[in-house]
Amino acid sequence: MSTNPVSAALRSGLFTRTVGKRILYFQELSSTMDEAARQAEDGAEEGTVVVAEIQHAGRGRFGRTWVSTTGNLYLSVVFRPTPSLLAQLNVVAGVAVVRAIRKTTGLSPRIKWPNDVLVGGKKVAGILVETVAEGSEVCYSVVGIGINITLGDAQIAALNGQATGLEQAAGRTVARAGVLRQLLMDLDSLYLQSAAGKSPQPEWQALLETLGQRIQVTWRDETWVGRAEGVDSTGNLLLRLADGNLVTMTAGDVSLNGPGA
Ligand code: BTN
């Protein structure tokens, strides 16, 4: 770890009350998720941020690999939420990422349920929430965020053209530190507003490109096909099946345009 000029530079001009009060910057890590969890186990205060230049074992949802070469953003934030705030973390993170990208690039990202951030239908950012609890007591949550600032042609091809970088989408250079700083500020304000009872769920819902679409949701070995009818107050997806039943999906992988519902 280093308490080097990068951390100091990130802190300067960062006006937050909780998120980013402490920023730990690493040149390389296996995953910022693991380091943030280590910090949380050691008693790190809420809002501690772990940033890495490179991850050797970056991970996404469902244990997928999150390729983490230099030039993009990889960070994890420690939270110590109440159970009701925990239910909002994914929504808070999704809106914060969208707002930060919009403010720093002028792009208009949308969200594919539950938390893929897309520009022009291509993924530019992913969010991973991991929580350690004892019974109904939340010990801590780690919110991991990866944002593609720039992806080379080979990387885009390796991701089957389904992802892109902010620079490729905006057609200009994007200041990585500026995106990070704005993200921490948006995360801070949205988290604190949520804690005060003002959830960003309506804004998140309006950003969902999934709603109204015929989709296929896969979770573990099961697949559901139906129409994404809505989301509830904590972001669970309400899926209307062909037989008319409404099911509540708490997690899953969505593909658009599933066969009829
Ligand atoms: C997804 O879309 O599947 C979620 C991707 C989350 C990636 C970020 S990068 C920073 C943090 N560290 C990790 O290993 N993963 C998250």
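Just so we're clear, the structure is a prediction, and the values are computed from it rather than from any experiment. One-based numbering, in listed order, for ligands and for the atoms of each. Heavy atoms only: backbone and side chains are in, while hydrogens, waters and symmetry mates are out.
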TODO: State the atoms of ligand 1, each with its element, that fall below the 4.0 Å cut-off from a heavy-atom position in S31.
DONE: 12 (N), 13 (C), 14 (O)
Task: Side chain, backbone, both or neither: S68 near ligand 1, heavy atoms under 4.0 Å - done: neither
Task: Main-chain N/O of A251 paired to R61 side chain as donor or acceptor, under 3.5 Å - done: no
Open item on the list: Regarding Q155 and T69, do their side chains bring together a donor and an acceptor under 3.5 Å, going by distance alone?
Closed with: yes
Task: Test item: side-chain donor near acceptor, T150 and Q168, under 3.5 Å - done: yes
Task: Residue pairs passing the ring-ring contact (aromatic ring centres under 6.0 Å, His included) test where at least one lies in residues 135-155, sequence neighbours excluded - done: none
TODO: Would you indicate whether the side-chain heavy atoms of N148 and L166 approach each other to under 4.5 Å?
DONE: no
TODO: For atom 11 (C) of ligand 1, find the nearest protein heavy atom and state the residue, atom name and distance (0.1 Å precision).
DONE: T32 OG1, 3.2 Å
- [ ] Report the part of N115 in contact with ligand 1, treating N, CA, C, O as backbone and CB onward as side chain, heavy atoms under 4.0 Å; options are side chain, backbone, both, neither.
- [x] neither
Task: Closest candidate by heavy atom, reference atom 6 (C) of ligand 1, pool R61, R59, Q55, K112 - done: R59
Open item on the list: I need the atoms of ligand 1 closer than 4.0 Å to a non-hydrogen atom of L75, numbered in the order shown.
Closed with: 10 (C), 11 (C)
- [ ] Output yes when the distance from some N or O of ligand 1 to some N or O of Y74 is under 3.5 Å, and no in every other case.
- [x] no
Task: Which of the ligand 1 atoms, numbered from 1, are nearer than 4.0 Å to a heavy atom of D116 - done: 2 (O)
Open item on the list: Just to check, does R64 reach to within less than 4.0 Å of ligand 1 when the distance is taken from its heavy atoms?
Closed with: no
Open item on the list: Do K103 and D186 have side chains that approach each other closer than 4.5 Å (heavy atoms only, starting at C-beta)?
Closed with: yes
Task: Proximal ligand 1 atoms for S76, defined as those under 4.0 Å from one of its heavy atoms - done: 11 (C)
TODO: Examine the side chains of S76 and E35 and answer whether a donor and an acceptor come within less than 3.5 Å of each other.
DONE: no
Task: Which residue and heavy atom of the protein sit nearest atom 5 (C) of ligand 1, plus the separation - done: W66 CE3, 3.4 Å
Task: Close side-chain approach of V179 and I147, heavy atoms under 4.5 Å - done: yes
TODO: Would you mind listing which atoms of ligand 1 come within a distance below 4.0 Å of any non-hydrogen atom of G58?
DONE: 14 (O)
- [ ] Considering the heavy atoms of G60, write down every atom of ligand 1 situated less than 4.0 Å from one of them.
- [x] 1 (C), 3 (O), 4 (C), 5 (C)
Task: Basic-acidic side-chain contact under 4.0 Å: E46, K21 - done: no
Open item on the list: What protein heavy atom lies closest to atom 2 (O) of ligand 1? Include the residue and the distance to one decimal.
Closed with: K123 NZ, 2.6 Å
